[in-house]
Participant: 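Have a look at this one before I ask anything.
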Amino acid sequence: MELIQETPDLSAYLAADEVIDHDHPIVREAAARLAKEAIDSYVYARLAFEFVRDAIPHSQDSGDLRVTWRASDVLEQGTGICYAKAHALAALLRAEDIPTALCYQKFDVVHGLVAVRFHGAWHRQDPRGNKPGVDAQFSLDGERLAFTPAPESNEMDYPVLYAEPHPAVLSVLKAAPDRPYLWKTLPTALQGIR
């Protein structure tokens, strides 16, 4: 599958905004802590991925009822679903000038992940969190994602790389008072994308 940038402007994939708030002190502190252990940007990206994947539990797996959506809140509260964890990883990577996009897959509901740009190409990464049957790994040599869509089941990878969260994703996160409510409102598809 060919990944398609939503905007040709690569600087959009480095920007801070309300969600990917990599200018926030909590994000900056986490990025600085991880950067101390990294010898280069590739090692930093792997460390940031592993930190978000392993140190921030997926709220469904942990039973946490809180809904986070802003990167700094995910890091501060230590919880989030796939979208929120993708926002946190994007913020940590952008904080160190690594272009990072948000991207999505369609299963029963839409699943969120990121793509990082190295060697002139985009590489998708899934910080969702491992559990029995899920073994996502950081890789620039072929995808090691949490899930693989089955086209015969109407599952798919969306090819678009977003600089900001998809509005359908962000609106349900912001509107949810808790995870059980969120689970009833998760988007099952992204409109206008095939």
Side-chain angles (χ1 to χ4, degrees), residues 1-3 20 30-31 33-35 37-69 71 74-75 77-94 96 98-119 121-162 165-166 169 173 179 182-183 186-190:
M1 172 185 69
E2 182 182 345
L3 297 173
I20 304 170
R33 192 172 56 250
L34 291 165
E37 301 175 39
I39 58 170
D40 59 29
S41 61
Y42 307 107
V43 172
Y44 174 84
R46 181 182 53 78
L47 291 172
F49 168 84
E50 291 172 352
F51 171 74
V52 173
R53 182 195 65 191
D54 300 341
I56 300 171
H58 188 286
S59 57
Q60 174 71 16
D61 297 347
S62 68
D64 197 318
L65 300 181
R66 296 175 291 171
V67 175
T68 54
W69 53 270
V74 174
L75 295 174
Q77 296 179 38
T79 191
I81 67 165
C82 61
Y83 312 130
K85 291 181 65 149
H87 300 164
L89 179 56
L92 289 171
L93 295 171
R94 290 181 184 186
E96 290 295 312
I98 299 170
T100 307
L102 300 168
C103 46
Y104 303 93
Q105 297 175 306
K106 179 193 178 301
F107 297 99
D108 290 337
V109 294
V110 174
H111 175 62
L113 51 155
V114 303
V116 296
R117 189 162 178 90
F118 281 114
H119 308 301
W122 290 100
H123 306 272
R124 293 189 308 165
Q125 313 295 329
D126 191 342
R128 181 229 177 268
N130 290 339
K131 63 180 186 174
V134 176
D135 183 29
Q137 301 295 324
F138 183 82
S139 176
L140 301 179
D141 299 318
E143 294 184 335
R144 306 263 322 265
L145 305 177
F147 309 110
T148 303
E152 65 276 7
S153 298
N154 201 28
E155 297 175 351
M156 65 181 287
D157 288 307
Y158 290 111
V160 179
L161 300 173
Y162 294 91
H166 191 282
V169 168
L173 286 171
R179 192 176 37 78
L182 177 64
W183 244 235
L186 289 173
T188 57
L190 298 179

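Values below: every heavy atom of this structure, side chains too, minus hydrogens, waters and symmetry copies.
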Participant: How close do I56 and G80 get, counting heavy atoms only, and between which atoms?
Facilitator: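 Of all heavy-atom pairs spanning I56 and G80, the closest is CG2-N, 4.4 Å.
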Participant: With sequence neighbours excluded, what pairs up with R66 under the side chain to side chain donor-acceptor pair (under 3.5 Å) test?
Facilitator: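 Listed in chain order: D64.
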Participant: Not counting sequence neighbours, which residues clear side chain to side chain contact (heavy atoms under 4.5 Å, CB included) with D40? List them please.
Facilitator: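 Applying side chain to side chain contact (heavy atoms under 4.5 Å, CB included) to D40 gives Y42, V43.
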Participant: Just how far is it from atom CZ of F107 to atom CG of N154, taken to the nearest 0.5 Å?
Facilitator: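 So the gap between those two atoms works out to 12.0 Å.
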Participant: Sequence neighbours left out, what passes ring pair (Phe, Tyr, Trp, His ring centres under 6.0 Å) with F138? Give chain and number order.
Facilitator: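 Applying ring pair (Phe, Tyr, Trp, His ring centres under 6.0 Å) to F138 gives F49.
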Participant: Side chains of V160 and L190: does their closest heavy-atom pair fall under 4.5 Å?
Facilitator: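 V160 vs L190: side chains apart.
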Participant: Between atom CE of M156 and atom CD of Q105, what is the distance when rounded to the nearest 0.5 Å?
Facilitator: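 Separation between the atoms: 10.5 Å.
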Participant: Is H119 reaching over with its side chain to a backbone N or O of A121, donor-acceptor style, under 3.5 angstrom?
Facilitator: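 Absent.
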Participant: Counting only pairs under 3.5 Å, give me each side-chain donor-acceptor contact of residues 140-153, with atom names and distances, residues two or more places apart or in other chains.
Facilitator:
{"unit_1": "E143", "atom_1": "OE1", "unit_2": "R124", "atom_2": "NH2", "d": "2.8"}
{"unit_1": "E143", "atom_1": "OE2", "unit_2": "R124", "atom_2": "NE", "d": "2.6"}
{"unit_1": "E143", "atom_1": "OE2", "unit_2": "R124", "atom_2": "NH2", "d": "3.3"}

Participant: Could you tell me the separation between the CG atom of L47 and the CG atom of L93, rounded to the nearest 0.5 Å?
Facilitator: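 One gets 10.5 Å once the value is rounded to the nearest 0.5 Å.
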Participant: Just by modelled atom types, is the W69 backbone N or O under 3.5 Å from a matching donor or acceptor in the H87 side chain?
Facilitator: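 Flag set: sc H87 to bb W69 pair under 3.5 Å.
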Participant: Which pair of heavy atoms, one from N130 and one from A136, lies closest together, and at what distance?
Facilitator: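 Scanning both residues, the minimum pair turns out to be OD1-N, 2.7 Å.
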Participant: For C82 and G112, work out which heavy atoms get closest and say how close.
Facilitator: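 Closest pair (atom of C82, atom of G112, distance): SG-N, 3.3 Å.
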Participant: For D126 and V134, what are the C-alpha separation, side-chain angles and deciding distance, and is it a side chain to side chain contact (heavy atoms under 4.5 Å, CB included)?
Facilitator: CA-CA 10 Å; D126 191 342; V134 176; over 6 Å; no
Participant: Let me confirm one number: the CG-CD1 distance from D61 to I81, rounded to the nearest 0.5 Å.
Facilitator: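 CD1 of I81 is found 11.5 Å from CG of D61.
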Participant: If the condition is salt bridge (Lys or Arg N to Asp or Glu O under 4.0 Å), which residues does D54 pass it with, not counting sequence neighbours?
Facilitator: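 If we apply the salt bridge (Lys or Arg N to Asp or Glu O under 4.0 Å) test to D54, skipping adjacent residues, there are no hits.
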Participant: Measuring from L3:CG to L161:CG, what's the distance to the nearest 0.5 Å?
Facilitator: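 Going from CG on L3 over to CG on L161, the span is 4.5 Å.
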Participant: With R94, which residues qualify under side chain to side chain donor-acceptor pair (under 3.5 Å), at least two apart?
Facilitator: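 Partners of R94 by the side chain to side chain donor-acceptor pair (under 3.5 Å) criterion come out as none, since no residue qualifies.
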Participant: In Å and rounded to the nearest 0.5 Å, what is the SG to CD distance from C103 to Q125?
Facilitator: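 That separation rounds to 9.0 Å.
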Participant: Tell me whether H123 contacts the main-chain N or O of F118 through its side chain, where contact means a donor paired with an acceptor under 3.5 Å.
Facilitator: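 At least one qualifying donor-acceptor pair exists.
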Participant: Is there a side-chain contact between H111 and R128 (heavy atoms, below 4.5 Å)?
Facilitator: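 The answer is yes, as the side chains (C-beta and beyond) meet within the 4.5 Å cut-off.
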Participant: Please name all residues satisfying side chain to side chain contact (heavy atoms under 4.5 Å, CB included) with A55, sequence neighbours left out, ordered by chain then number.
Facilitator: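 A55 satisfies side chain to side chain contact (heavy atoms under 4.5 Å, CB included) with F51 only.
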Participant: Enumerate the residue pairs fulfilling salt bridge (charged side-chain N to carboxylate O under 4.0 Å, His left out) with a member in residues 78-89, sequence neighbours excluded, ordered by first and then second residue.
Facilitator: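 Output for this query is empty, none listed.
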Participant: What residues, two or more places apart in sequence or in another chain, satisfy side chain to side chain donor-acceptor pair (under 3.5 Å) together with E50?
Facilitator: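 With sequence neighbours excluded, E50 shows a side chain to side chain donor-acceptor pair (under 3.5 Å) to R46, given in chain and number order.
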Participant: Does anything in residues 106-115 form a salt bridge (charged side-chain N to carboxylate O under 4.0 Å, His left out)? List the pairs, not counting sequence neighbours.
Facilitator: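 Sorted pair list comes back empty.
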Participant: Taking side chain to side chain contact (heavy atoms under 4.5 Å, CB included) as the test, write out the residues that go with P99, two or more places apart.
Facilitator: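 So P99 forms a side chain to side chain contact (heavy atoms under 4.5 Å, CB included) with L10, Y13, L14, R117, W122.
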Participant: Does any non-hydrogen side-chain atom of R53 lie less than 4.5 Å from one of L89?
Facilitator: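 No - every pair of side-chain heavy atoms lies 4.5 Å or more apart.
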Participant: Keeping S59 on the side-chain end and T79 on the backbone end, is there a donor-acceptor pair under 3.5 Å?
Facilitator: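 Not confirmed, S59 side chain does not pair with T79 backbone.
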Participant: Applying side chain to side chain contact (heavy atoms under 4.5 Å, CB included), can you list everything that pairs with A86, at least two apart in sequence or on another chain?
Facilitator: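 Side chain to side chain contact (heavy atoms under 4.5 Å, CB included) check on A86 returns L102, V114.
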Participant: Verify, without hydrogens or angle tests, whether Y83 (side chain) and L173 (backbone) share a donor-acceptor contact under 3.5 angstrom.
Facilitator: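 Between the backbone of L173 and the side chain of Y83 there is no qualifying donor-acceptor contact (under 3.5 Å).
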Participant: Quick one: does Y158's side chain have a donor or acceptor within less than 3.5 Å of a partner on A189's backbone?
Facilitator: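 Flag not set: sc Y158 to bb A189 has no pair under 3.5 Å.
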Participant: For a quick test of reading the model, state the closest non-hydrogen atom pair linking A30 to L92 and the distance between them.
Facilitator: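 Scanning both residues completely, I find the closest heavy atoms to be CB-CD2, 3.8 Å.
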